[in-house]
Amino acid sequence: MLKADQCRSLRSLAEIMIPASAEYGVPSAGDDAIFADILRSFGRDAEHVLAVLRTLDQTAGGVFADLEPAQRKAAAARLQESGGESLMYLERIVLQCYYRDDRVMRSLGLEVRPPFPEGFEVEQGDWSLLDPVRARPKLYREVT
Amino acid sequence: MGAEHQGAYRKLFCHRTGMVAICEDLPEEHNTVTLDPVLKDSNGIPAPKIMYTLSENSRRMLDHAVARATEILRAAGAHDVWSEAPIPEGGWHLMGTARTGTDPARSVVNEWGRSHDVKNLFIVDGSIFVTSGGVNPTRTIQALALYIADSIKQRLATLFD
């Protein structure tokens with residue numbers, strides 16, 4: 001759906017939004033697999049993605065991805081500062097795709113699987129904490 | 001966004017919680033559902049026109065709820081507390097406008113859901129509430145549906161009198 005230049009710009013922006021981290025051992029949001037997920041996932045929000053890319057290109061006076069790295073960061077910072085609905089949609093897509101990547105989930109200590117259908121074993125807390133609540137006189141009126 | 005993202009995310013991950021307060025609007029006359037004079041569906045039936053303004057009373061209830069919730073969260077050790085009221089995106093319970101009552105001048109349906117004006121019309125949904133209710137209304141609507149169905153059954157011989 002995106003043209004080649006738009007694709008490059010979106011990838012550059014994703015890399016700025018969530019850079020790779022050697023400290024945590026995670027890729028950037030512009031990583032091949034994550035970016036492919038982003039391209040597959042924006043679907044009905046395509047207009048918002050395109051709107052953000054148009055704004056970036058206007059700021060750049062050309063193709064955002066062709067700017068020098070420092071200029072790209074500055075343009076992205078201005079975009080963030082101006083905010084707006086379209087950027088909110090794009091941020092949601094990028095975050096959604098980033099934090100469901102297996103490598104990112106592992107780095108956060110998460111099991112690489114959806115919570116359902118298997119479900120998680122919930123550690124039982126101290127149910128006796130509820131004893132004072134159970135012992136309390138009722139707060140409600142009986143309905144007849 | 002940016003180089004600080006990874007650290008900031010990990011600082012918040014599994015260390016956030018939220019609270020929601022639901023407030024009960026009073027039955028305020030400035031909140032209405034009327035027929036839209038212009039907008040119609042493909043069959044020419046007017047669309048509902050919904051007018052809603054947050055009243056001073058509701059605003060104060062929201063402020064009170066946020067203040068108490070903030071106290072609770074801070075007492076629990078929260079250091080960054082953020083709030084918004086009303087929430088811009090979320091479920092809103094649209095209720096009332098055909099309220100229940102015994103007086104036809106002040107209500108739309110009687111105490112068992114039959115319209116005062118049209119004897120063979122029964123209204124069985126959230127519109128027969130007299131106020132919005134303080135919490136989610138589905139179970140009360142289900143209970144009303146059972147109650148009104150029972151009332152209809154018991155009055156079959158004289159239902160439209």
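Values in this document were obtained by computation on a predicted structure and should not be read as measured data.
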Cluster check [X], [Y]: I/L/V/M/F/W/Y, side chain < 4.5 angstrom:
X: B/Leu159; Y: B/Val109; answer: yes
X: B/Val130; Y: B/Leu94; answer: no
X: A/Leu39; Y: A/Val63; answer: no
X: B/Trp82; Y: B/Ile72; answer: no
X: B/Ile128; Y: B/Tyr147; answer: yes

Using a 6.0 Å cut-off, check whether atom CZ of B/Arg60 has over 12 heavy atoms from anything other than its own residue.
no
Near A/Arg44 CZ, under 6.0 Å, is it more than 12 heavy atoms from other residues, nucleotides or ligands?
no
Cut-off 4.5 Å, heavy atoms of chain B, and the answer for A/Val26 is side chain
Need one label for A/Ala29: side chain, backbone, both or neither, based on atoms under 4.5 Å from any heavy atom in chain B.
neither
Sorted by number, residues from residues 41-55 of chain B in contact with chain A (heavy atoms, under 4.5 Å):
none
Which residues in residues 2-25 of chain B have any heavy atom lying under 4.5 Å from a heavy atom of chain A?
B/Gly2, B/Ala3, B/His5, B/Gln6, B/Gly7, B/Tyr9, B/Arg10, B/Phe13
If you tally heavy-atom pairs under 4.5 Å against chain B, which of A/Ala20, A/Ser107, A/Ser28 wins?
A/Ser107
If you check every heavy atom in residues 10-19 of chain A against those of chain B, which residues fall under 4.5 Å?
A/Ile16, A/Met17, A/Ile18, A/Pro19
Extract all donor-acceptor atom pairs below 3.5 Å that involve side chains of residues 81-92 of chain A and protein atoms in other chains or at least two apart in sequence.
from    : atom 1 : to      : atom 2 : distance (Å)
A/Ser82 : OG     : A/Arg78 : O      : 3.2
A/Ser82 : OG     : A/Leu79 : O      : 2.9
A/Ser86 : OG     : A/His48 : ND1    : 3.0

